[in-house]
Peer 1: 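The structure is given below, and queries will be raised subsequently.
For ligands, and for the atoms within them, numbers begin at 1 and follow the listed sequence. Computed from a predicted structure; not experimentally measured.
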Amino acid sequence: MNATIIKNGVVLTPGKRAERKDIRITGKTIDQIASVIQPTREDSVVDASGKLVTPGFVNTHTHTGSTLLRGAGGGLPLQEWLRTVMWPAEATFTETTVRAASDLAMAEMIRSGTTMFMDMYHLDMLHLAERVTEVGMKAVLGRGMIALDGRWTERLEAAEELVKTIQSDKSGLLKAAVSPHALYTCPPDFIRKAGELAEKYDVIRHTHVSETAQEVQHHLSSHGVSPCRHLHELGFLTPKTVLAHAVHVTEEELLLLKENRSAVSHNPRSNLKLGSGVAPVRKMLKSGIPVGLGTDSAASNNRLSVLADMQTAALLHAGTEENSTAVQAEDWMSAAWNSGASMLGFPDSGRLEEGSAADVVLIRSDRLHMTPDIHERAADHLLFAAESADITDVWSNGKALMREGSLLTLDEEKVRAEAEAEWRKIAESNV
Ligand SMILES: [Zn+2]
């Protein structure tokens, strides 16, 4: 089988010294990493001189279907923003709106080095499953469920249909999740039933929890129990659970997450934009709770760049902890790469090792803002200087999704034109 040899790049992974290495991709796998790999005549060679080589970034929480709401209702706090902007706009969405939004999201994610994402959305997820495999990214897809209208059976059946479809897919790029939206939009018994559905198919449980102090207060006064404890009592906390946000959590709740080996998707830019607060990531990591990074939707971020969220997180926690080493660079890189991939059920992704999945990103380090280009500073450059525009090449499972700055599996101009046209339709129908 012909291989792709990435030559002369500086390989950057958590916990290891950044070093100049060659990497060989054969099929879907990295099968060799060495100081020098001699290509055969059939191999294609990629010159990565002046570039960092990193694993593909992992976005552990997003809503690609709402990407056209980027910038809508800016400045509002979460609950008001959901009620007055997001939900009324989403009620007017058609299949074509959501498809244009998801393509836009995937194009933006690939451009910023993301090869894997977990999506929670309530519309057109069966189509997204197909589209993800065409585009060549990896994804965990769960139908977002809001269950305040009593139509529980309908919601759970649609979620189950998506799980079954994904489990019959043979691409190796998809996994399923069961995703009740939140405790404030799903009654407790519905959350229990959603957990049972996830158990039946052995898939990831995913929900938003304790994003704002107001939400936690409201839950305590109406249910007399903290949100994470409530999820625990409802059987929702398991080693296959990923909780988005967990900003306002107590020590007791952190202990429950630890005991249940549940993971957290940290979404710093969304939490900051909506004024929700700062999740206690240092304490989570110290307790051994797996932490990944998520962008949340473009509506609350407003970007879908895990690199940008990683950089925000590194600054944010150094500042709020008043300690520049409270969370180490390698912890942020793990969150963006291997920890994130493992919590999404892809333990062989998010790493550059022989035998791991070939999710590989090349990032220019010969730019003014990365100079001097010194190996020992590569992690610092990535965390505090790199820009999405420095990313030139992306492979997912060995398939090239971007080469030399051009997307290969999505037509960028068409994606942008369709997104603009769809947004105009929505705007006109709302006049
Ligand atoms: Zn979210």
Peer 1: Has H245 got an N/O/S atom less than 2.8 Å from the Zn ion (ligand 1)?
Peer 2: no

Peer 1: Round to 10° and report the angle made at the Zn ion (ligand 1) by NE2 of H63 and NE2 of H61.
Peer 2: 100°

Peer 1: Report the angle formed at the Zn ion (ligand 1) by atom NE2 of H208 and atom OD1 of D296, rounding to the nearest 10°.
Peer 2: 170°

Peer 1: Count the heavy atoms of every other residue, nucleotide or ligand shown that sit under 6.0 Å from NE2 of H375, and state whether that count exceeds 12.
Peer 2: yes

Peer 1: Please step through side-chain hydrogen bond (donor to acceptor under 3.5 Å, both in side chains) for the pair S339 and S342, ending with a clear verdict.
Peer 2: CA-CA 5 Å; S339 289; S342 292; over 6 Å; no

Peer 1: If you apply the rule ring pair (Phe, Tyr, Trp, His ring centres under 6.0 Å), what do you find for H63 with H208, and how did you get there?
Peer 2: CA-CA 12 Å; H63 311 274; H208 297 95; 5.2 Å; yes

Peer 1: Should the pair W332 and H317 be assigned to parallel (<30°), tilted (30 to 60°) or perpendicular (>60°) ring geometry?
Peer 2: tilted

